[in-house]
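For the numbers below, each heavy atom of this structure counts, side chains included, while hydrogens, waters and symmetry mates do not. Quick note: residue numbers are just sequence positions, from 1.
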Amino acid sequence: QAFAALYSGSAASVRVGNEVKVMFGIAAGIAQGCPASGLLFTAAVDPILRAQVAAAGEHDEVAACADDLGHACRDLSSLPRLAAVFARVQRISLLALKPSKSVIVLLQEASPGMVMAVRRWLVECVPAFASFRIANACMYLGFVMGPRAEETRWAAPRLKWARRVQAIAASGACSFV
């Protein structure tokens with residue numbers, strides 16, 4: 001009731017120049033900067049994390065920072081349980097994992113044959129995760145993680161440096177490049 005009272009009768013308007021053109025009521029959401037937003041976020045995410053931990057295998061590790069979730073498992077056996085957790089979350093909240101931001105990091109060499117075998121297994125056993133990228137390293141919270149992290153950590157900075165050198169050379173701004 002306290003939260004409902006905070007937002008009872010909330011409205012917003014669209015201003016063009018000095019003139020208010022449209023005014024409309026706000027029926028859902030939390031105002032930016034609201035002191036209660038952290039508490040509400042925690043209350044919403046905590047059950048998801050608890051379900052993720054419950055679905056984890058014996059040697060799995062679960063990590064979370066704000067709205068970024070990580071789940072490390074030694075084998076793929078906990079993925080069907082994890083997919084069930086996220087399917088339940090999606091049905092309840094309409095929140096879903098983004099396949100473009102989801103990566104399955106293999107702890108052994110991700111050869112083309114291994115990737116194909118894992119992909120076939122995902123299609124058959126965990127179709128919700130079948131479009132996730134499969135790799136030996138990924139970026140999590142700004143850090144490259146996984147068995148191939150060391151080789152990939154500097155790949156993007158090196159490429160950026162090489163492109164800058166090429167651009168400088170092409171511009172003629174520097175004669176020693």
The test is side chain to side chain contact (heavy atoms under 4.5 Å, CB included); show your working for Phe86 and Leu95 and say whether it passes. CA-CA 9 Å; Phe86 286 107; Leu95 296 172; over 6 Å; no

Could you check if a side-chain atom of Val62 sits within less than 4.5 angstrom of a side-chain atom of Leu69, using non-hydrogen atoms only?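 No, side chains not in contact.
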
Consider only side-chain heavy atoms of I, L, V, M, F, W and Y, link residues closer than 4.5 Å, and tell whether Phe41 and Val89 are in one cluster.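 The answer is yes; both residues are in one hydrophobic cluster.
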
Specify the closest pair of heavy atoms between [X] and [Y], including all atoms of both residues, with the distance to one decimal.
X	Y	answer
Ile104	Phe129	CD1-O, 4.4 Å
Ala56	His71	CB-CE1, 3.7 Å
Ser78	Ala55	CB-O, 3.8 Å
Leu122	Ala130	CB-CA, 3.9 Å
Val105	Ala137	CG1-N, 3.9 Å
Gly70	Gln52	O-NE2, 3.5 Å

Please evaluate residues Val103 and Tyr140 with respect to the criterion side chain to side chain contact (heavy atoms under 4.5 Å, CB included), reporting the C-alpha separation (whole Å), side-chain torsions for both, the decisive distance (0.1 Å), and the verdict. CA-CA 10 Å; Val103 182; Tyr140 180 66; over 6 Å; no

Begin from the C-alpha positions of Arg81 and Val85 and carry the test side chain to side chain contact (heavy atoms under 4.5 Å, CB included) through to its verdict. CA-CA 6 Å; Arg81 295 187 304 276; Val85 166; 5.9 Å; no

Can you tell me which residue among Arg119, Met116, Met114 is in a side chain to side chain contact (heavy atoms under 4.5 Å, CB included) with Ile134?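 Exactly one candidate clears the test, Arg119.
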
Once rounded to the nearest 0.5 Å, what's the spacing between atom [atom1] of [X] and atom [atom2] of [Y]?
X	Y	atom1	atom2	result
Asp68	Met139	CG	CE	12.0 Å
Cys138	Phe132	SG	CZ	12.0 Å
Ser111	Asn136	OG	CG	9.0 Å

Apply side chain to side chain contact (heavy atoms under 4.5 Å, CB included) to the pair Val126 and Leu76, showing each step before the final yes or no. CA-CA 10 Å; Val126 195; Leu76 302 176; over 6 Å; no

Is the number of heavy atoms from other residues, nucleotides or ligands within 6.0 Å of CH2 (Trp121) greater than 12?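 Counting other residues, nucleotides and ligands, CH2 of Trp121 exceeds 12 neighbours.
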
